[in-house]
Amino acid sequence: MSWVLAERKSYLGFVSCRRLSLSIAAKSLTSIRTLFELRSFKQFYSSSPLFADYICEDDEEKSLHVDLFYSKLLDNCTRFKDVAQVHAQVSKIGLQASNFTVTKVVHICSNLGRIQYARQLFEEFPQPNIFLWNAIIRGHSRHDLFKDALELYRKMQLRGVSPDGFTLPYVLKACSGLSAYEIGRRVHAQILLLGFETDVFVQNGLVAMYMKCGATHWARMVFDRLCDRTVVSWTSLLSGYAQNGDPLEALNVFYLMQLSDVKPDWIALVSILRAYTDVEGLGQGKSVHGFVVKAGFDSEPDLLIALTAMYAKCGEVFVAKCLFNQVPKPDVILWNAMISGYAKNGFADEAIELFRKMIASEARPDSVTLRSAILSCAQVGSLELGKWIDELVKVSDFNTDVFVNTALIDMYAKCGSLEHAHSVFDRIQNKDVVTWSALIMGYGLHGCGREAIKLFQDMKRSKVAPNDVTFVGLLSACNHSGLVEEGQKYFHSMKTDYGLEPRHQHYACMVDLLGRAGYLTEAYQFVESMPIKPEVTVWGALLSACKIHKNIKFGEYAAKQIFSLDRSNAGHYVQLSNLYASVGMWSEVARIRRKMKNARLAKPQGYSEIDVKGIRHSFRVGDKSHPKSEDIFGKLEELERKLKDAGFVPATESVLHDLNSEEKEESLCSHSERLAIAFGLISTEPVLPVGMLLIYSLDEGYGGLLLVNCHIYCTSSIV
DNA sequence: GTAGGGTTAG
């Protein structure tokens, strides 16, 4: 309307306007010209608010004119500077910005991430209408300022403004972000009262909200009542199940979605990929990949992340890396997908190398990246590397992040330094159950059962409720320290005092605890009385206890149970064979070895690693390939002499093969673990921790567990 | 001007 109007009156206004506003217009014109494609000065002046002021007869007409002018200007703003300048002009000229103009400014500012500026404008505005309320609530909700969004929503209603079909999805998003179930329920009630039960946008928001709160049944109910389900409704439901640990139901929804002839878009595919990842459906994941390419979605960056994560998590790290390499500038989440993929699949070196590359690039690691990197340090047992990341954490924004710091506790404990673990623990302000559990586990790992129990009591005093993981830590701590009575006491208190149902790990701990202490009959009876069907781990604990105490009867029984559950693990055969070897039943040993051979079960060769000054050194049994080999064997001989003088007799009876005692002794003495420790001793200062040894396999004719991670912490002063 | 998705599990 106003362009015509303006054209009509333009000549008269052109002259007057120039005269009236020369100083103001001249200042702002140069910069505004870049924002606003001017066809001519005439056109600019004919639409300027000053001109409107001049030509318009009533306020309403003038206001419309001003709105239109600023709307045109704002549409051309791509930078915050431009918006701020335009907005400043409104007040400079002395005209009251309208709801319309401010809404537009708020909208653009929040899209540009300048939510504080938007909020300030909003607060200064006297009478916001529903559009402006929606814009400001949306802005906060989109920037994860969920509490503020809900607070604004409350204020809006107090000021007598009723929500509409645009307000509610933002409010529900805020509830989702906070997992605020109770508030979400109240909003749901409001939705029903206000009559939005057929608004598909609002209903989709409800589905997503309930899913984020973990209330899958409510989400499903809302979904089932929906008449016109869009691809968003399906995706909300599907991804909700995937996020709530029910990938099978997610895939079932995907099936129903296909029956309903709803075509998945790329966002739906992301969730479908996640569900296939969680069920380790690499084959189906690959076919989704095929579909992605066919549908032309393969350039969607977020879908590429989901694909990378899928391949990485399913163990195809090389394929994942190929996808990763396609992206010239990966964002933090893509970096995380790749780094965590490496970390999860045991490619700790690759994970750390990629982490270094990330730091060298422009990308900034977040808490997820740091956790994956810390996990990798823990896996390789490198204290030096771990300290380096700790330093990075300290100067990052995540120095108070409880997740990151708990990962550090775990890492330090596994890398052999309880001191560092404890100092991280001390600096955490808001310790939660996992923080406590990590340190309890750490003490247990180092054989400090009493300290672990003391920590558990401190935890109770701090009013932090233990969970089942805490008890795994506590029971294994009792286990490593031979605290049978205490272990039994805590096992029973799990259920009676904390209402926690013991799981397989807890039963396995108890069997181990009883068995190691020599109470084999009790251990056996304990397994027989379990309310859940014993898993391999439980029988495995009994078998290894039988090996220690040379009990063939229970050992054979446990082995029988194990083989009925899993025939494919070489470790179990070796354990049974070791049991026979311990009592000299060599024909049985040979029989088991034949069985293994027939089943084509190969055992990985054992090796030990030690981290010295950030460099890892790997040893196999009798390994002479290390450059310092001579010194290592020299140190070993020295140690042996000292040990013999101290009255030590090697436990040769547990050597697997039927060797003579001299050979057995030699086999024991050049065990990879000994070589690693000897190297540690000659390469480090006395009394400093040698570090942690990760023993991937102890099957070198040396008694002990097979295929376990064994953490050894020693100081020179021990030997 | 509306809604759904990606990295994590210490």
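Throughout, protein chains are lettered first and strands after them, A, B, ... in sequence-line order, and every chain is numbered starting at 1.
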Legend entry - Rounded distance (Å) that lies between atom P of B:dG10 and atom NZ of A:Lys344: 9 Å

Inset, instruction - Examine B:dT8: is either OP1 or OP2 under 4.0 Å from a nitrogen or oxygen in the side chain of A:Arg274? Give yes or no. - result: no

Inset, instruction - Would you please confirm or rule out a distance under 4.0 Å between OP1 or OP2 of B:dG4 and any side-chain N or O of A:Lys212? - result: no

Inset, instruction - Cation-pi check, A:Arg371 to A:Phe403: give yes when NZ or CZ is under 6.0 Å from the six-membered ring centre and within 45° of the ring axis, no otherwise. - result: no

Legend entry - A:Trp133-A:Phe122 aromatic ring centre distance below 6.0 Å: yes

Legend entry - Base B:dG10 to side chain A:Asn405, donor-acceptor N/O within 3.5 Å cut-off: no

Inset, instruction - Please determine if a side-chain N or O atom of A:Lys173 lies less than 4.0 Å away from the OP1 or OP2 oxygen of B:dT2. - result: no

Inset, instruction - Specify the separation, in whole Å, of atom NE2 of A:His107 and atom C1' of B:dG1. - result: 5 Å

Legend entry - Distance-only donor-acceptor test (3.5 Å): side chain A:Asp331, base B:dG6: yes

Legend entry - Polar side-chain contact A:Thr235-B:dG4 base: donor and acceptor under 3.5 Å: yes

Legend entry - Axial cation check for A:Trp218 ring with A:Arg185, 6.0 Å and 45° limits: yes

Inset, instruction - Establish, with yes or no, whether the OP1 or OP2 oxygen of B:dG5 is under 4.0 angstrom from a side-chain nitrogen or oxygen of A:Gln243. - result: yes

Inset, instruction - Report yes if a donor N or O on one partner sits less than 3.5 Å from an acceptor N or O on the other, where the partners are the side chain of A:Asp302 and the base of B:dG5; otherwise report no. - result: yes

